[in-house]
Amino acid sequence: MDNISIARLLDETASLLEIDSADPFRIRSYRRAAEAVEQQTTQLSTIADDPKQLLAIAGIGKGMLANIQALLTTGTMPLREELLQKYKPTMLELLRLPGMGPKTVALVWSSCQVCDIDGLEAAAKAGHLTKLPRMGEKFVIKLLKGIEDHRKNSSRFRIDKAQQHADTIIGLIRAFPGIDEIIPAGSLRRGRETVGDLDLLATGPACEPDVVSAAIEHVASLPLIDKLIAKGQNKVSFTLRNNLQVDVRLLPRASYGAALQYFTGSKMHNVALRQRAIKRGLTLSEYALLRLEDNVIVAAASEADIYNALDLDYIPPELRENGGELEAAATHTLPQLITRADIRGDLHMHTEATDGRDTIRQMAEAALARGLSYIAITDHSKNLAMTNGLDDARALAHIKRIREVDAELQQELKGKIRILPGIEVDILADGALDLDDSTLAQMDIVVASVHSHFNQPTEEMTARVLRALENPHVRILGHPTGRKVLGREPYAVNVDTVLRQAAKLGVAVEHNASPARADLNDLHLRLAKQHRCKIVINTDAHATEELDQMRYGITQLRRAWLTPTDILNTQPTAEALLKNLRPKP
DNA sequence: GCCGTTTTCGGCCCGACTGTTTTCAGTCG
């Protein structure tokens with residue numbers, strides 16, 4: 001059983017305990033353990049016989065150790081089985097409906113024997129629910145709408161889509177006079193790959209308590225609102241037509257930092273931060289950091305003030321996951337995280353020669369405009385027929401053209417941007433590549449990628465990739481996990497094995513910056529660093545504007561605590577980069 | 001159930017909003 005499954009079972013047990021009205025602190029420890037397990041880069045199954053290592057994980061004590069060992073050996077654990085005697089697993093899905101918490105789930109079970117969504121809908125329509133305490137007409141209407149939405153769309157939104165919506169809404173709100181700052185908080189600010197909803201925090205003269213109601217009305221009447229959910233003294237919640245929920249908060253300048261800190265989260269980071277505050281005789285809320293004894297404000301206007309008042313260095317949002325960042329901030333050992341400006345080249349992109357939209361020259365000029373010093377053009381090879389992939393003859397003609405454009409730009413732009421000839425070659429079923437070695441020998445950058453991995457067994461795909469890595473022309477492994485964000489496919493290969501072998505052979509692994517295809521998540525990236533892999537970050541752009549997707553990839557690198565020295569394409573020149581890649585045969 | 005530069009017992013984060021409550025429980029973030 002892998003870490004993700006262990007974490008899921010612990011989290012489900014926590015939910016079952018909630019329905020069972022168990023001790024809230026016991027429930028919290030199960031949730032905390034689930035989070036801790038999820039953040040481990042080592043598979044617990046490999047250290048199961050060493051209790052010391054397991055107990056060293058914060059949040060894992062004697063009881064949880066026994067639970068994890070039971071899960072690893074039997075696939076379940078006594079408490080979970082016991083709870084499943086009393087309750088049904090389908091109740092966990094009921095908890096995802098708006099307004100349905102553990103108490104209400106327990107109530108409909110004990111009074112109506114309802115344990116799943118279909119049953120709940122039937123009971124609501126039959127009028128059975130309004131007979132229960134604290135449940136009226138309004139609740140039932142909201143519930144039925146919630147069930148409908150849940151069936152239609154219960155997934156999260158990809159970060160780039162969420163960012164686009166945020167930009168639009170921010171533009172509309174900023175138009176109101178007296179609002180001079182508005183920032184997305186929540187998981188968007190922390191750079192998660194997907195977000196559940198948008199949290200936008202605004203401040204300015206129009207957000208001061210005595211005048212804020214006008215601004216609230218402005219927000220509540222934005223034309224793109226599909227359904228208004230709530231309108232409070234400083235908060236408006238609504239959904240867009242695609243069901244994305246947006247919470248806008250208008251906050252006085254004096255407490256903006258506290259609010260930003262609070263609503264950026266993560267939840268576990270905030271809990272840990274508040275515990276730290278209490279130990280110092282302080283209390284932290286979304287309004288301020290206060291001294292407990294006399295309620296005097298210690299810090300509130302900026303996030304940095306709050307962290308500093310708690311004897312911590314400022315913690316970048318991407319690290320706020322309660323994964324050791326508080327300890328590092330307390331000892332001044334936070335990493336100097338990589339930034340977009342550190343990236344000097346992009347080694348994976350396509351042109352009109354295959355399935356890209358723009359020309360070699362357009363890609364190069366766009367890269368230069370974005371501050372890059374070198375790029376590699378890596379169009380598809382012939383096996384990807386639907387992309388008009390290049391056979392050996394066309395590939396050779398294409399790199400000749402690439403060299404010509406490079407020479408032209410050397411003349412015109414005095415070496416400000418270099419174009420390296422390359423190819424994204426496909427790995428065939430037997431692990432061979434679909435172009436001749438003699439062709440690959442002409443390329444500076446050979447990115448080997450598995451494209452057709454659907455429904456293939458993991459062992460087979462892993463073996464396939466390992467064989468491809470043996471080809472000495474391969475310098476970068478593209479799409480190293482074969483994953484699509486929000487897609488159906490999980491990881492096509494055994495990631496740990498593939499990363500180890502790539503590190504051993506000196507093949508760089510690619511972090512694909514495209515939000516649709518962020519092959520390595522933050523745990524994989526940390527694993528890659530542990531294994532001393534060479535890591536490159538590429539956009540896989542199919543048009544000039546897709547070069548901007550680098551920003552999303554950078555966020556993932558930051559979430560993995562990576563610094564400029566961990567990434568190869570921070571090298572200042574194409575020559576320096578090539579020297580750091582696997583030597584050509 | 002976890003944890004300890006106050007502690008091996010007794011703590012464990014904070015506030016707003018909703019619906020239906022005639023004073024607050026439950027949900028949510």
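The chains referred to below are lettered A, B, ... by the order of the sequence lines, with proteins before strands, and numbering in each begins at 1. FYI, side chains are in, hydrogens and waters are out, and symmetry mates aren't considered; it's all heavy atoms of this structure.
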S.K.: Rounded to whole angstroms, how far apart are CD1 on A:Ile278 and P on B:dT7?
M.R.: 17 Å
S.K.: OP1 or OP2 of B:dA16 versus the side-chain N and O atoms of A:Tyr287: is any pair under 4.0 Å?
M.R.: yes
S.K.: Check this one for me: any side-chain N or O of A:Thr283 less than 4.0 Å away from OP1 or OP2 of B:dC13?
M.R.: no
S.K.: Using the side-chain contact (heavy atoms from CB on, under 4.5 Å) rule, pick out the option among A:Thr264, A:Asp197, A:Ile183, A:Ile159 that qualifies with A:Leu188.
M.R.: A:Ile159
S.K.: Name the residue closer to the 5' end of DNA chain B, choosing between A:Lys279 and A:Asn270 according to the nucleotide with the nearest heavy atom.
M.R.: A:Lys279
S.K.: What are the two closest heavy atoms between A:Ile27 and A:Ala14, and how far apart are they?
M.R.: CG2-O, 3.7 Å
S.K.: Atom CD of A:Glu18 to atom P of B:dG1: distance rounded to whole Å?
M.R.: 16 Å
S.K.: Rounded to whole Å, how long is the line connecting atom CZ of A:Arg96 with atom C1' of B:dG29?
M.R.: 18 Å
S.K.: Which pairs pass ring-ring contact (aromatic ring centres under 6.0 Å, His included) with one or both residues in residues 56-84 of chain A, sequence neighbours excluded?
M.R.: none
S.K.: Is B:dT8 paired to anything, Watson-Crick or G-U wobble with both distances less than 3.5 Å, and if yes, which nucleotide?
M.R.: none
S.K.: Tell me: NZ of A:Lys235 to P of B:dC14, nearest whole Å?
M.R.: 20 Å
S.K.: Under 4.0 Å between a side-chain N or O of A:Arg134 and OP1 or OP2 of B:dG26?
M.R.: yes
S.K.: A:Arg558 and side-chain contact (heavy atoms from CB on, under 4.5 Å): which partner among A:Leu525, A:Asp522, A:Thr339, A:Leu319?
M.R.: A:Thr339
S.K.: Give the rounded distance in Å between these two atoms: CD of A:Gln245 and P of B:dC17.
M.R.: 14 Å
S.K.: Between A:Asp20 (CG) and B:dG1 (P), how many Å, whole number?
M.R.: 13 Å
S.K.: Should A:Leu224 and A:Phe238 be marked as a side chain to side chain contact (heavy atoms under 4.5 Å, CB included) after you check the CA-CA gap, both sets of side-chain angles, and the distance that decides it?
M.R.: CA-CA 10 Å; A:Leu224 44 64; A:Phe238 54 87; 4.2 Å; yes
S.K.: Could you tell me the separation between the CD1 atom of A:Ile57 and the C1' atom of B:dC2, rounded to a whole number of Å?
M.R.: 14 Å
S.K.: Tell me which nucleotide among B:dC12, B:dG29, B:dG1 gets nearest to the side chain of A:Met64.
M.R.: B:dG1
S.K.: On the nucleotide B:dG1, are OP1 or OP2 found under 4.0 Å from the side-chain N or O atoms that A:Arg26 carries?
M.R.: yes
S.K.: A:Pro102 has a side chain; which of B:dC13, B:dC14, B:dT27 sits nearest to it?
M.R.: B:dT27
S.K.: Taking atom P of B:dC2 as reference, at what distance in whole Å does atom CD1 of A:Ile68 sit?
M.R.: 9 Å
S.K.: Decide, for B:dT6, between syn and anti: a glycosidic angle within 90° of 0 counts as syn, anything else as anti.
M.R.: anti
S.K.: Please say which of A:Glu325, A:Arg274, A:Arg190 ends up in a side chain to side chain donor-acceptor pair (under 3.5 Å) with A:His269.
M.R.: A:Glu325
S.K.: Counting only non-hydrogen atoms, which of residues 113-132 of chain A are less than 4.0 Å from DNA chain B?
M.R.: none
S.K.: Counting only side-chain heavy atoms from C-beta out, which of B:dG1, B:dC12, B:dG29 sits nearest to A:Tyr30?
M.R.: B:dG1
